[in-house]
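A quick write-up on the structure given underneath.
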There are 2 protein chains.
Amino acid sequence: MLVDVVWHPVGMPAVAEPTARGADVVAAAGPAVPGHVGAEACCAPLVREPLSAESAAALARTLKAVADPARLRLLSMVAAHEGGEACVCDLTEPLGLSQPTVSHHLKVLVDAGLLARDKRGVWAYYRLVPGALDHLAGVLTTS
Amino acid sequence: MLVDVVWHPVGMPAVAEPTARGADVVAAAGPAVPGHVGAEACCAPLVREPLSAESAAALARTLKAVADPARLRLLSMVAAHEGGEACVCDLTEPLGLSQPTVSHHLKVLVDAGLLARDKRGVWAYYRLVPGALDHLAGVLTTS
DNA sequence: CGTCAACATCGATGCTCGTCGATGTCGTGT
DNA sequence: ACACGACATCGACGAGCATCGATGTTGACG
């Protein structure tokens, strides 16, 4: 459980892993705790030495979660919302997308480790994971 | 055709002002200037107030250029290469992709304003645009 | 002028992904 | 127990994209 593939710039055993398919894990069948996949990462400068294929794939998977207009707006709307958290009903209307689509995008962001889900009663509240976005920013920073 | 839309979170006119930020012209130097699309951007905190649909689309377009394993490796390989620049022939082999594919990815990065192309003789040298990646990182930073 | 090498562009193909309506699940109230 | 509302999941459709081989373009060199 919890494959937990971190980016780790270079070095490492660099195991074979021929299929390169492994680590897909969405962990959709989890009882309660979702298998958060990406985004914790150690801290790769990216512009330091050429990163390996596995590191690049892992980083790209997290960046893909952010590289979408709807998800970017969701992140900013959740962050800017009162109390730093918002439920789906708060996001569906201003986004202009259907409820299933919003739920899908939120799941992608949760799986990427950028959002945290907290179900209280009938409502599901989403909140930013404290250091997640800053980690991403740190990898892209050149200085 | 497609006047480059900058991110600019909300308010403020859509025109680019002279010294809005530090020095960083995406400006692919050369006679025939291509229709460079994104990436200069002013500076949106993202986690400040909900960004508009246009700003999100523009930001997502730039992030999509980075959210790919091959392009991430290209960025790091170019940055880590001697002199901070590399030609296509230096990148094709270590990447393990065909030459047309590498050229395609490089074009995407140039159009996004992240790489600059400099053709000298028969070779085309690519180099990082100074502040581009840091701007992207700045938008994602929450603090 | 002809040939070769380095890139860019083109067209096609297979896969990924964003979106939706329909449906399932779980709480809350009557 | 029943009905309703908030979300999650499913299956399907269409658009976008990564990749390749083939071909076009442009310098360098004899």
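Quick caveat, the model's predicted, so the values are computed rather than measured. Here is how names work: the chains are called A, B, and so on, in the same order as the sequence lines, proteins then strands, and each is numbered from 1.
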To the nearest Å, give me how far apart [atom1] ([X]) and [atom2] ([N]) are.
{"X": "Leu91(B)", "N": "dT19(D)", "atom1": "CG", "atom2": "C1'", "result": "17 Å"}
{"X": "Tyr125(B)", "N": "dC7(C)", "atom1": "OH", "atom2": "C1'", "result": "13 Å"}
{"X": "Asp111(B)", "N": "dA8(C)", "atom1": "CG", "atom2": "P", "result": "12 Å"}
{"X": "Asp90(A)", "N": "dC7(D)", "atom1": "CG", "atom2": "C1'", "result": "13 Å"}
{"X": "Leu63(A)", "N": "dC17(D)", "atom1": "CG", "atom2": "C1'", "result": "17 Å"}
{"X": "Leu106(B)", "N": "dT19(D)", "atom1": "CG", "atom2": "C1'", "result": "15 Å"}
{"X": "Arg61(B)", "N": "dC17(D)", "atom1": "CZ", "atom2": "P", "result": "11 Å"}
{"X": "His105(B)", "N": "dC7(C)", "atom1": "NE2", "atom2": "P", "result": "17 Å"}

Q) If you look only at pairs with a residue in residues 64-81 of chain B, which of them pass as a salt bridge (Lys or Arg N to Asp or Glu O under 4.0 Å), with sequence neighbours excluded? A) none
When you get a sec, tell me which of [options] is the closest nucleotide to the side chain of [X]?
{"X": "Lys64(B)", "options": "dA8(D), dC7(C), dC17(D)", "result": "dC17(D)"}
{"X": "Trp123(B)", "options": "dA6(C), dA6(D), dG18(C)", "result": "dA6(C)"}
{"X": "Cys89(A)", "options": "dT9(C), dT19(C), dC7(D)", "result": "dC7(D)"}

Q) Would Glu85(B) and Arg120(B) pass as an ion pair if we require N to O under 4.0 Å? A) yes
Would you say [X]'s side chain and [Y]'s backbone share a donor-acceptor pair under 3.5 angstrom?
{"X": "Asp134(A)", "Y": "Thr142(B)", "result": "yes"}
{"X": "Ser55(B)", "Y": "Leu51(B)", "result": "no"}
{"X": "Thr101(B)", "Y": "Leu97(B)", "result": "no"}

Q | B/S/- contact track for nucleotides 20-27 of chain C, protein heavy atom under 4.0 Å | A | BBB----S
Q: Would you kindly compare Arg117(A) and Val108(B) by the position of their nearest DNA chain D nucleotide and give the one closer to the 5′ end?
A: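 Its nearest nucleotide lies further toward 5', so the answer is Arg117(A).
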(Q) Does Arg71(B) reach a base, just sugar-phosphate, or nothing at all? Heavy atoms under 4.0 Å. (A)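 Since only primed, P, OP1 and OP2 atoms lie under 4.0 Å of Arg71(B), the category is sugar-phosphate.
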Q.
Classify Tyr126(B) by what it touches in the nucleic acid, base, sugar-phosphate, or nothing, heavy-atom distance under 4.0 Å.
A.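 It contacts sugar-phosphate atoms only.
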Q | Shortest non-hydrogen separation from Leu75(A) to Leu133(A) and the atoms involved | A |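 Nearest heavy atoms, Leu75(A) then Leu133(A): CD1-CD2, 4.4 Å.
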Q. Where do Leu72(A) and Ala60(B) come nearest, in terms of heavy atoms and distance?
A. CD1-N, 3.6 Å
